[in-house]
Colleague: 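I'd like to ask some things about the structure below.
All chains are named by letter (A, B, ...) in the order of the sequence lines, taking the proteins before the strands, and each is independently numbered beginning at 1.
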Number of protein chains: 2
Amino acid sequence: MLTSHRRKLILDTLRKTGAIVAKDLSAELNISEDTIRRDLRELAAEGLLQRVHGGAMPSSPAMGNFAARLNVATDEKRIIGRAAAAMIRPNQVVILDGGTTAVQIARHLPSDLRATVVTHSPTIAVELVEHAGVEVILIGGKLFKHSVVAVGAPAIENIGRIRADTYFMGVTGIHAEAGLTTGDFEEAHVKRALSAAAAETIVLASSEKLNAVSPYVIAPISAVTGMIVTDQVKSKILAHFARLGITITRASASPKTKPA
Amino acid sequence: MLTSHRRKLILDTLRKTGAIVAKDLSAELNISEDTIRRDLRELAAEGLLQRVHGGAMPSSPAMGNFAARLNVATDEKRIIGRAAAAMIRPNQVVILDGGTTAVQIARHLPSDLRATVVTHSPTIAVELVEHAGVEVILIGGKLFKHSVVAVGAPAIENIGRIRADTYFMGVTGIHAEAGLTTGDFEEAHVKRALSAAAAETIVLASSEKLNAVSPYVIAPISAVTGMIVTDQVKSKILAHFARLGITITRASASPKTKPA
DNA sequence: CACGAAGTTGCACGATTATGCGTGAATGAG
DNA sequence: CTCATTCACGCATAATCGTGCAACTTCGTG
C-alpha cells in the first residue's frame with residue numbers, strides 16, 4: 001500500500017462519510033493506527049482535514065468554514081475594507097468582489113449611503129440587505145463554492161451589460177510583472193470581465209498578496225488603477241507599483257475599531 | 001462515534017428541528033445522557049447553543065436580522081420544508097423559491113444529495129454551500145430586499161434559459177378562483193417565469209396561505225401540479241384543490257427526530 | 001555491488017482526553 | 001409542598017495521542 005495512495009483514500013473516505021475513525025480505518029486497511037494517525041497529522045498540517053480526538057473531520061476549504069472564515073477576518077482585512085468603503089461616493093455604481101475582504105467593505109458601508117452595488121457574491125448581497133439606500137444588482141451564474149461566487153458564461157454575459165464606476169477586486173497575487181493572479185481559472189475570467197466593466201479597478205491588497213503569484217492570470221498590472229494596503233507595508237515594496245501610475249491608498253487602523 | 005462528529009450532529013439537529021432533548025438523543029445514539037449533557041455544556045460555553053432544562057435550544061444572539069427570522073421559522077414551515085426536501089430525487093434539477101419556507105427545504109436536503117438547485121435567492125445559495133454534491137445555479141438581477149431575491153428583466157431572461165423538473169413555489173395566497181398571488185408586482189413576474197421553466201410547480205402552502213388572496217397574480221391555479229400542506233389542515237379546505245387535479249401532499253411532524 | 005541517506009512503518013511509553021457511574025444538589029410539574 | 005427528573009461534580013476506566021526508537025525499504029552514488 002503506497003503512502004500517497006493511502007492518503008488519497010483517506011480524503012476520499014472523508015468526503016464520502018464525513019468523518020474518519022482512526023481505529024476503524026486501521027482495521028480495514030490492516031495497518032497500524034500509528035500510521036493512520038501520522039497520515040492524519042500530516043494531512044491536517046496541509047489543511048486538507050481537521051484532526052479530532054479519535055480521527056478526523058473535513059476541514060473543507062469550500063464548505064462550512066466559509067462562514068467561519070468570514071467572522072475571523074483579520075484586522076488587516078477589516079482595515080482595508082473600511083478604507084475601501086470610505087472611498088465610495090454617493091450615487092456611484094461600484095462592483096464588489098467575493099471573498100472575505102470584500103465582505104468587510106460591505107460591513108463598513110455607512111448605513112445611510114445611497115449607491116448601487118453590483119456583485120456576483122450572494123454573501124455580499126445578503127450582507128447589504130440592511131442598507132436601505134443601497135441598490136444591489138446580483139450577477140447570476142453557476143456557484144463556485146470555494147469562494148461562494150457566481151461564475152461561468154452567464155455571469156460573464158450579464159457583467160458585459162454593466163458599466164460601473166469602481167471595481168474593488170480581491171486577488172491572491174499582485175505582482176509587477178506577473179500582474180493580477182488568482183487560484184481558480186473560472187474566477188479569473190469573471191474578475192477580468194468585472195475589471196473591464198468598471199472605469200477604475202482597485203485591488204484589495206493585504207500584505208500576503210503583494211508580489212505573490214497564483215496559477216491563473218486575471219489581467220496585466222496595467223488594468224489596475226489603484227490599490228489599498230495597510231500602513232504597515234514598507235514603501236519599498238510599493239515603489240514598483242507606484243512607478244506604474246497606480247494610486248496607492250495606505251489604510252490605517254482607526255483608534256477605535258468599529259465593526260458593523 | 002467521534003466526539004466532534006457527535007457535536008456536529010447536535011448542531012445540525014438543532015438547526016433542523018429547533019430543539020434538542022438530551023434523553024431522546026442519548027437513546028437514539030446509544031450513549032449515556034451524561035455525555036450528551038457534557039456536549040451541550042461545552043457547546044453552550046462556545047455560544048453555539050443555549051442550554052435549557054432537558055436539552056438545548058438555538059442561541060441566536062449575534063445573528064443578523066434576516067438570519068434571526070430564518071431561525072424562528074414556525075414548526076409548520078419546517079414540516080413543509082422537510083416534506084419538500086424528501087420529494088427531490090437524485091440528479092433532478094429543481095428550482096427553490098426565496099422565502100423562509102424554501103430555506104427550510106435547503107436545510108433539510110440530505111447532505112450527500114447529488115442534484116442541481118436553481119434559485120434566485122442568495123440566501124438559499126449560501127445555505128447550499130455546504131452540500132458538496134449540489135450544484136447551485138444562481139439567478140441574478142436586481143435584489144428585491146423585502147424577500148431577498150433577484151427580480152427584474154435580467155432575472156426573467158436568465159430563467160428563460162432553464163428547464164427544470166420541479167419548482168417549489170412560495171406564495172402569500174393560493175385560492176381556487178383567484179389562483180396564486182403574492183405581495184409584490186415584480187416578484188409575481190419572476191415566480192411566473194420560474195413556474196413556466198419547470199415541468200412541475202409545487203406550492204408550499206402553510207395554512208395561512210390557503211384561500212388567501214394578495215394583490216398581484218402570479219398565475220391561475222391551473223399552473224399548479226402539486227401542493228404541500230400539513231396534516232392539520234381540514235380536508236374540506238383542500239377539496240377544491242384536489243378536484244382541480246392538484247396532487248396534495250400532507251406533511252406530518254415525524255414522531256422521531258431522525259438526523260442523518 | 002556496496003554503501004549511506006532519506007523515508008516509512010510498527011512498537012513501547014507516559015501524557016492527555018473521553019466516557020460512564022455514583023452521589024447529592026437543583027429544577028420543574030402537579 | 002412533594003416527587004420525579006435533570007443537573008453538576010468527582011472519580012475510575014478505557015481509549016487515544018505524541019514522541020522516541022529500531023527495523024525495514026527505497027533510492028541515489030561511487
Colleague: Are Glu42(A) and Arg7(A) ion-paired here, with the side-chain N under 4.0 Å from a carboxylate O?
Modeller: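 Between Arg7(A) and Glu42(A) there is a salt bridge, with a charged N closer than 4.0 Å to a carboxylate O.
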Colleague: Starting from the C-alpha separation in whole Å, work towards a yes-or-no answer on side-chain contact (heavy atoms from CB on, under 4.5 Å) for Ser206(B) and Ile80(B).
Modeller: CA-CA 7 Å; Ser206(B) 47; Ile80(B) 291 176; 4.0 Å; yes
Colleague: CD of Glu33(A) versus P of dC13(C): gap in Å, rounded?
Modeller: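 Atom CD in Glu33(A) sits about 17 Å away from atom P in dC13(C).
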Colleague: Using whole Å, what does the distance between atom C1' of nucleotide dG10(C) and atom CZ of Arg37(A) come to?
Modeller: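 Between C1' of dG10(C) and CZ of Arg37(A): 11 Å.
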Colleague: At under 4.0 Å, does any side-chain N or O of Ser32(A) touch on OP1 or OP2 of dC11(C)?
Modeller: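 The answer is no; no side-chain N or O of Ser32(A) sits under 4.0 Å from OP1 or OP2.
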Colleague: Applying side-chain hydrogen bond (donor to acceptor under 3.5 Å, both in side chains), run through Glu76(B) and Ser207(B) and close with a yes or a no.
Modeller: CA-CA 8 Å; Glu76(B) 193 176 358; Ser207(B) 54; 3.0 Å; yes
Colleague: Can you check the Asp39(A) CG to dG10(C) P distance for me, whole Å?
Modeller: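 In whole Å, dG10(C) P lies 10 Å from Asp39(A) CG.
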Colleague: Which residues pass the ring-ring contact (aromatic ring centres under 6.0 Å, His included) test with His189(A), not counting sequence neighbours?
Modeller: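 Partners of His189(A) by the ring-ring contact (aromatic ring centres under 6.0 Å, His included) criterion, ordered by chain and then number, come out as Phe185(A).
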Colleague: Considering only heavy atoms of chain A and a distance under 4.0 Å, specify the first and last nucleotide of DNA chain D in 5' to 3' order that meet this criterion.
Modeller: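 On DNA chain D, the outermost contacted nucleotides are dT16(D) to dT19(D).
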Colleague: With a 3.5 Å cut-off and no angle check, do the side chains of Ser235(B) and Arg250(B) form a donor-acceptor pair?
Modeller: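 Checked: Ser235(B)/Arg250(B) side chains pair up, N/O donor to acceptor below 3.5 Å.
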Colleague: Could you state the atom-to-atom distance from CG of Leu25(A) to P of dT9(C) in whole Å?
Modeller: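 Leu25(A) atom CG is separated from dT9(C) atom P by 13 Å.
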Colleague: Round to a whole Å and report the spacing from CD1 of Ile36(A) to P of dT9(C).
Modeller: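 Computing the Ile36(A):CD1 to dT9(C):P distance gives 9 Å.
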Colleague: How is Val52(A) classified with respect to the nucleic acid when contacts are heavy atoms under 4.0 Å: base, sugar-phosphate, or nothing?
Modeller: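 Sugar-phosphate contact only.
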Colleague: Reckon Thr35(A) has a side-chain N or O less than 4.0 Å from the OP1 or OP2 of dG10(C)?
Modeller: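 Checking dG10(C) against Thr35(A), a side-chain N or O does come within under 4.0 Å of OP1 or OP2.
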Colleague: OP1 or OP2 of dG7(C) sitting under 4.0 Å from any side-chain N/O of Thr3(A)?
Modeller: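 No, because none of the side-chain N or O atoms of Thr3(A) sits under 4.0 Å from OP1 or OP2 of dG7(C).
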Colleague: Can you tell me how far C1' of dG10(C) sits from CD1 of Ile31(A), to the nearest Å?
Modeller: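 It works out to 11 Å between those atoms.
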Colleague: Stem list for DNA chain C, please, built from Watson-Crick and G-U wobble pairs under 3.5 Å and keeping only runs of at least 3.
Modeller: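 As far as DNA chain C goes, consecutive pairing (with distances under 3.5 Å) yields the stems C:1-30 with D:1-30.
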Colleague: Is it the case that the base of dG7(C) and the side chain of Arg38(A) share a donor-acceptor contact (distance under 3.5 Å, atom types as modelled)?
Modeller: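 Under the 3.5 Å cut-off, the side chain and the base do not form any donor-acceptor pair.
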Colleague: Whole angstroms only, please: what is the CE-P distance between Met1(B) and dG20(C)?
Modeller: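 Whole-Å distance recorded here is 11 Å.
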Colleague: Please report the distance, rounded to the nearest Å, between CG in Asp34(A) and C1' in dT8(C).
Modeller: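 Between C1' of dT8(C) and CG of Asp34(A): 12 Å.
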Colleague: His240(A) and Asn211(A): side-chain donor and acceptor closer than 3.5 Å?
Modeller: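 No, no side-chain donor-acceptor contact under 3.5 Å.
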Colleague: Would Lys23(B) and Glu33(B) pass as an ion pair if we require N to O under 4.0 Å?
Modeller: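 No salt bridge links Lys23(B) with Glu33(B).
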Colleague: Evaluate side-chain hydrogen bond (donor to acceptor under 3.5 Å, both in side chains) for Thr116(B) paired with Gln92(B), printing each intermediate quantity in order.
Modeller: CA-CA 6 Å; Thr116(B) 299; Gln92(B) 274 194 329; over 6 Å; no
Colleague: Applying side-chain contact (heavy atoms from CB on, under 4.5 Å), run through Val203(A) and Phe168(A) and close with a yes or a no.
Modeller: CA-CA 6 Å; Val203(A) 174; Phe168(A) 292 97; over 6 Å; no
